[in-house]
Chemist: 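Got a structure for you, questions after.
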Amino acid sequence: MTEQTSQTQQQNMERQMEIEQQQIRQRMIQIKNKILILSGKGGVGKSTVSVNLAISLALAGKKVGLLDIDIHGPSIPKVLNLEDAKIGSNGQDILPVEMTNNLKVMSIGFLLQGKDLAVIWRGPRKYHMIKQFLRDVQWGDLDFLIIDSPPGTGDEPLSIVQLLENCTGAIIVTTPQEVALSDVRKGITFCRNLNVNILGVIENMSGFVCPKCGHKTDIFKSGGGEKMAEEMNVPFLGKIPIDPAIVEACDSGKPYIQEYKESRTALAFKQSILQFMDLK
Ligand code: ADP
């Protein structure tokens with residue numbers, strides 16, 4: 001290959017990327033707020049927070065999209081009892097699953113043949129998939145797009161931040177244990193390096209309130225997330241206790257915040273995410 005040919009190829013590639021980025025911009029301009037839900041490691045409740053935030057906003061009458069790009073563990077279809085849902089197409093765009101008339105859901109899980117299949121993809125394929133979710137899904141006009149990112153600070157969170165160009169900000173979910181906290185510091189640094197506004201930290205699984213006697217036990221300690229948020233100078237949004245009903249709700253595909261509206265945990269959820277209701 002001559003030097004000139006490779007230069008032309010490079011230019012064509014760059015032109016193609018710019019066209020695609022422009023298509024993403026056109027789609028994303030219809031969405032007022034794009035909120036990333038991040039965590040330093042898996043299993044801390046990132047998807048639980050994503051779902052309950054999306055449902056709360058939808059119940060408050062906002063137009064909401066929930067995008068699950070947790071490519072290696074897409075749990076949103078299960079949590080919302082949408083495992084058998086099929087996404088459609090109008091020949092040009094991918095049509096998301098409409099849970100209600102103001103809540104649209106898109107997950108890599110909808111594209112997998114079997115629900116127990118794992119996705120083994122390298123970086124470029126993951127990047128392409130995320131690009132498709134932003135560019136080709138017919139989100140329409142939305143007040144909020146809640147994005148459930150994979151844990152950590154690897155390829156996927158990086159791709160989505162770059163492709164979105166400007167997101168409203170990120171919510172970082174952690175648990176009170178030290179390991180999760182040191183991981184979350186990396187998440188904060190990640191956001192700062194990429195100029196992503198940190199909306200705040202949520203400390204999940206923060207103590208257990210006995211449903212019978214109301215006594216609170218700090219199984220994984222409590223308050224670490226708050227302390228860390230203060231040290232790192234980021235807003236602290238609140239503590240969500242361990243609640244067996246959350247596991248039950250997630251397993252049976254019933255959105256917790258809808259099923260247990262009046263519970264102490266639902267109240268804690270609502271307080272943590274209250275301020276996002278007013279984002280214009
Ligand atoms: P992640 O998205 O960070 O991997 P998930 O949201 O999938 O984590 O949560 C992992 C598991 O923990 C799920 O079974 C979920 O039901 C449970 N869980 C999350 N938050 C709580 C909580 N506050 N109390 C009890 N169980 C919880």
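Residue numbers start at 1 and run along the sequence shown. Atoms within each ligand, like the ligands themselves, are counted from 1 in listed order.
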Chemist: Check Arg25 with Glu18, please: is the shortest side-chain N to carboxylate O separation under 4.0 Å?
Modeler: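 Salt bridge between Glu18 and Arg25, a charged N being under 4.0 Å from a carboxylate O: yes.
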Chemist: So, the side chain of Ser263 versus the backbone of Ala266: is there a donor-acceptor pair under 3.5 Å, distance only?
Modeler: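 Judged by distance alone, yes, a pair lies under 3.5 Å.
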Chemist: Identify the closest protein heavy atom to atom 26 (N) of ligand 1: which residue and atom is it, and at what distance?
Modeler: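 Result for atom 26 (N) of ligand 1: Val247 CG2, 3.3 Å.
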Chemist: Does the pair Lys63/Asp141 count as a salt bridge with the N-to-O cut at 4.0 Å?
Modeler: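 Looking at Lys63 and Asp141, the cut-off is not met.
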Chemist: Any Lys/Arg nitrogen of Asp70 or Lys46 sitting under 4.0 Å from an Asp/Glu carboxylate oxygen of the other?
Modeler: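 Counted as a salt bridge, because a side-chain N and a carboxylate O are separated by less than 4.0 Å.
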Chemist: Whether Arg27 and Asp93 form a salt bridge (side-chain N of Lys/Arg under 4.0 Å from carboxylate O of Asp/Glu) is what I want to check.
Modeler: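 Yes.
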Chemist: Considering non-hydrogen atoms of the protein only, which is the closest contact for atom 22 (C) of ligand 1, and what is the distance?
Modeler: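 Residue, atom and distance for the closest contact: Ile246 CD1, 3.5 Å.
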Chemist: Can you report which non-hydrogen protein atom sits closest to atom 15 (C) of ligand 1, along with the distance?
Modeler: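 Looking at atom 15 (C) of ligand 1, the protein heavy atom closest to it is Thr48 OG1, 3.8 Å.
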Chemist: Do ligand 1 and Asp148 have nitrogen or oxygen atoms that lie under 3.5 Å from each other?
Modeler: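 Checking ligand 1 against Asp148, no N or O pair falls under 3.5 Å apart.
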Chemist: Please determine if Lys32 and Asp143 form a salt bridge, counting it only when a charged side-chain N lies under 4.0 Å from a carboxylate O.
Modeler: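 Looking at Lys32 and Asp143, the cut-off is met.
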Chemist: Among all protein heavy atoms, pick the one closest to atom 20 (N) of ligand 1 and tell me residue, atom and distance.
Modeler: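 Among all protein heavy atoms, the one nearest atom 20 (N) of ligand 1 is Asn204 ND2, 2.9 Å.
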Chemist: Counting heavy atoms only, name the option from Pro241, Gly43, Ala249 that's nearest to atom 23 (N) of ligand 1.
Modeler: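 Among Pro241, Gly43, Ala249, the closest heavy atom to atom 23 (N) of ligand 1 comes from Pro241.
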Chemist: List ligand 1 atoms under 4.0 Å from Lys46, heavy atoms only on the residue side.
Modeler: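 By the 4.0 Å cutoff, the relevant atoms are 1 (P), 2 (O), 3 (O), 6 (O), 8 (O).
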Chemist: With atom 18 (N) of ligand 1 as the reference point, say which of Lys78, Met205, Lys41, Glu248 has the nearest heavy atom.
Modeler: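 The option holding the nearest heavy atom is Met205.
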Chemist: When you measure from atom 16 (O) of ligand 1 to every protein heavy atom, which one gives the shortest distance, and what is it?
Modeler: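 Of every protein heavy atom, Cys250 SG, 3.2 Å lies nearest to atom 16 (O) of ligand 1.
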Chemist: What protein heavy atom is closest to atom 8 (O) of ligand 1, reported as residue, atom name and distance in Å?
Modeler: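 The answer is Gly45 N, 3.0 Å.
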Chemist: Counting neighbours of CD1 on Ile29 that are heavy atoms of other residues, nucleotides or ligands and sit closer than 6.0 Å, is the number greater than 12?
Modeler: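 Count not over threshold, so no.
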Chemist: If you take the nearest heavy atom of each of Asp251, Val79, Asp243, which one is closest to atom 25 (C) of ligand 1?
Modeler: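 Comparing heavy atoms across Asp251, Val79, Asp243, the nearest one to atom 25 (C) of ligand 1 lies in Asp243.
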Chemist: For the pair Arg185 and Glu231, find out whether any cationic side-chain nitrogen is under 4.0 Å from an anionic carboxylate oxygen.
Modeler: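 A salt bridge links Arg185 with Glu231.
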